[in-house]
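These numbers were taken from a predicted model, which means no experiment stands behind them.
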Amino acid sequence: MSSTMGSHYKFTIFGQSHSPAIGVTIEGIPAGTVIEMDKLQAFLERRAPGRNALSTQRREADVPEFLSGLVGDTACGAPVTAIIRNTSARPSDYDEIRDMPRPGHADYTAHIKYGGHEDVSGGGHFSGRLTAPLCIAGGIALQLLEEKGITVSARAVEIGGRPDHFEETIAAARDAGDSVGGIVECVIKGVPAGIGGPMFDGLEGVIAKAVFGIPAVKGVEFGAGFEAARKKGSENNDGFRFDESGKVVTEKNDAGGILGGISSGMDIVFRAAFKPTPSIALPQHTISWSRRENAEIRVKGRHDPCIVLRAVPVVEAAAAAALIDLML
């Protein structure tokens with residue numbers, strides 16, 4: 001299933017943007033694990049919609065309800081299932097989209113794949129709304145990693161092609177009826193050397209698969225990334241040495257903490273590129289299914305002019321879930 005990920009820490013995300021609820025079922029949380037609910041809720045708040053003027057004005061509480069797998073706040077060994085109820089759904093905002101797919105969105109491809117039976121409201125299962133249950137799985141994974149001395153932290157490093165003045169850039173796009181994308185950088189500290197494997201079990205591939213599950217991600221690079229392709233071997237190679245404590249380290253960490261798909265013991269560093277939000281108020285070219293002709297659409301409803309800032313904790317969640325799956 002495309003909405004399931006992991007082998008040892010395995011989770012399945014379900015629901016649609018405007019369904020009664022969205023949620024996640026997680027297998028593999030070790031029995032006896034105490035989930036710090038206050039910490040998990042604080043993590044979910046970082047992603048939640050409607051918290052400021054620069055995000056969608058759809059406001060949801062995003063408080064998870066745990067239906068199974070816990071006794072009190074402690075994992076009992078059974079699969080853990082949690083839901084988040086959708087309380088601010090407005091499917092009528094998407095009536096026009098049932099006939100005219102939004103450019104840049106999954107409306108067209110979903111229509112082809114599911115034969116017109118797809119849920120178009122809010123993008124259905126393709127919506128960024130589904131990153132809320134991802135943050136439940138990732139938030140719990142973060143707590144498991146913290147017990148091992150590992151931290152995961154991300155930040156926006158570019159929005160609309162600029163490395164600063166993020167709020168100003170987003171506000172200008174919003175006022176123009178447009179949107180902007182950006183880049184999120186994530187750093188994972190404390191990962192011991194030896195995690196991962198060659199080829200299809202590579203740490204880069206597992207993390208990238210999880211991050212590409214976030215709607216709007218169009219590229220992922222580790223360490224020097226694409227810049228490495230422009231260097232000579234003598235420039236890109238990263239010398240080893242012993243540090244003051246006797247630990248083996250590299251001089252530059254251009255590999256982003258991963259060599260041959262296996263962690264080197266250095267910080268794992270990667271960046272994810274997010275496209276601009278496709279739902280914009282400016283006129284765009286599309287088609288009409290019913291009329292079988294070319295058409296023009298102006299997207300109505302509540303949409304983020306930029307999802308990058310709200311995506312920061314989602315990148316942390318995806319990376320944490322991928323990493324703990326390899327470490328359990």
Side-chain angles (χ1 to χ4, degrees), residues 2-3 15-20 22 47-60 86-132 159-161 166-183 212-219 272-311 314:
S2 62
S3 300
Q16 300 100 258
S17 179
H18 289 249
S19 59
I22 52 179
R47 190 223 67 93
R51 298 308 190 261
N52 59 66
L54 296 179
S55 74
T56 171
Q57 292 311 292
R58 175 179 178 176
R59 187 171 180 85
E60 298 279 2
N86 287 326
T87 60
S88 183
R90 286 196 340 211
S92 61
D93 286 348
Y94 299 87
D95 288 343
E96 187 177 43
I97 291 166
R98 300 179 199 283
D99 185 52
M100 294 192 291
R102 291 166 292 180
H105 212 290
D107 298 338
Y108 170 76
T109 51
H111 185 87
I112 297 299
K113 183 173 181 64
Y114 300 120
H117 300 290
E118 71 283 353
D119 182 357
V120 302
S121 297
H125 194 67
F126 297 89
S127 170
R129 181 83 185 119
L130 275 297
T131 60
I159 289 180
F166 294 160
E167 293 187 358
E168 175 185 313
T169 301
I170 297 170
R174 177 201 60 200
D175 295 345
D178 214 333
S179 63
V180 286
I183 298 173
F212 271 118
I214 304 170
V217 170
K218 299 301 290 183
F274 287 81
K275 69 180 182 181
T277 313
S279 295
I280 59 175
L282 294 176
Q284 300 181 82
H285 294 156
T286 187
I287 59 170
S288 166
W289 290 112
S290 64
R291 300 191 301 272
R292 303 298 298 174
E293 64 184 24
N294 296 330
E296 183 177 272
I297 186 173
R298 293 174 181 263
V299 179
K300 304 178 182 67
R302 302 163 294 176
H303 306 284
D304 291 90
C306 178
I307 56 91
V308 174
L309 297 180
R310 289 179 58 212
V314 185

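The NE2 atom of His125 sits 14.0 Å away from the CD atom of Glu118 when rounded to the nearest 0.5 Å. With values rounded to the nearest 0.5 angstrom, Ile159 atom CD1 is found 9.0 Å from Ile307 atom CD1. Taken from NE2 in His18 to CG in Asp119, the straight-line distance is 8.0 Å, to the nearest 0.5 Å. From Arg129, atom CZ reaches atom OG of Ser19 across 9.0 Å, with rounding to the nearest 0.5 Å. Going from atom CD1 of Ile287 over to atom CG of Asp99 covers 8.5 Å, rounded to the nearest 0.5 Å. Note that CD of Glu296 and CE of Met100 are 9.0 Å apart. Values are rounded to the nearest 0.5 Å.
Under the 30°/60° scheme for interplanar angles, the aromatic rings of Tyr108 and Trp289 are found to lie parallel.
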Could you walk me through whether Val120 and His111 pass the side chain to side chain contact (heavy atoms under 4.5 Å, CB included) test, one step at a time?
-> CA-CA 9 Å; Val120 302; His111 185 87; over 6 Å; no

Please assess Ser179 against Asp304 for the test side chain to side chain contact (heavy atoms under 4.5 Å, CB included), listing each intermediate value before the final yes or no.
-> CA-CA 8 Å; Ser179 63; Asp304 291 90; over 6 Å; no

Could you go through the side chain to side chain contact (heavy atoms under 4.5 Å, CB included) check for Asn294 and His285 one step at a time?
-> CA-CA 7 Å; Asn294 296 330; His285 294 156; over 6 Å; no

Take Phe274 and Ile183 through the test side chain to side chain contact (heavy atoms under 4.5 Å, CB included) and record every step on the way to the result.
-> CA-CA 6 Å; Phe274 287 81; Ile183 298 173; over 6 Å; no

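Between Leu130 and Pro215 the shortest side-chain heavy-atom distance does not fall below 4.5 Å. Using a 4.5 Å heavy-atom threshold, the side chains of Pro49 and Arg310 count as touching. Residues Val308 and Ile170 have side chains not in contact (no heavy-atom distance under 4.5 Å, counting atoms from C-beta outward).
A donor-acceptor pair under 3.5 Å is absent between the side-chain atoms of Thr286 and the main chain of Pro103, judged by distance alone. Proximity of a side-chain donor or acceptor of Asn86 to a complementary backbone N or O of Ser17 within less than 3.5 Å is detected.
Residue Ser279 is tested with Gln284, His105, Lys300, Arg102 for a side chain to side chain donor-acceptor pair (under 3.5 Å); the sole match is Arg102.
The side-chain hydrogen bond (donor to acceptor under 3.5 Å, both in side chains) search around Arg174 returns none, not counting sequence neighbours.
For Glu96 against Ile297, the heavy-atom pair with the smallest separation is OE1-CG1, 3.9 Å. Annotation for Ile22 and Ala132: closest pair CD1-CB, 4.0 Å, computed over non-hydrogen atoms. A pairwise comparison of heavy atoms in Lys275 and Gly104 identifies NZ-O, 2.6 Å as the closest pair. Annotation for Phe166 and Leu309: closest pair CD1-CD2, 4.5 Å, computed over non-hydrogen atoms.
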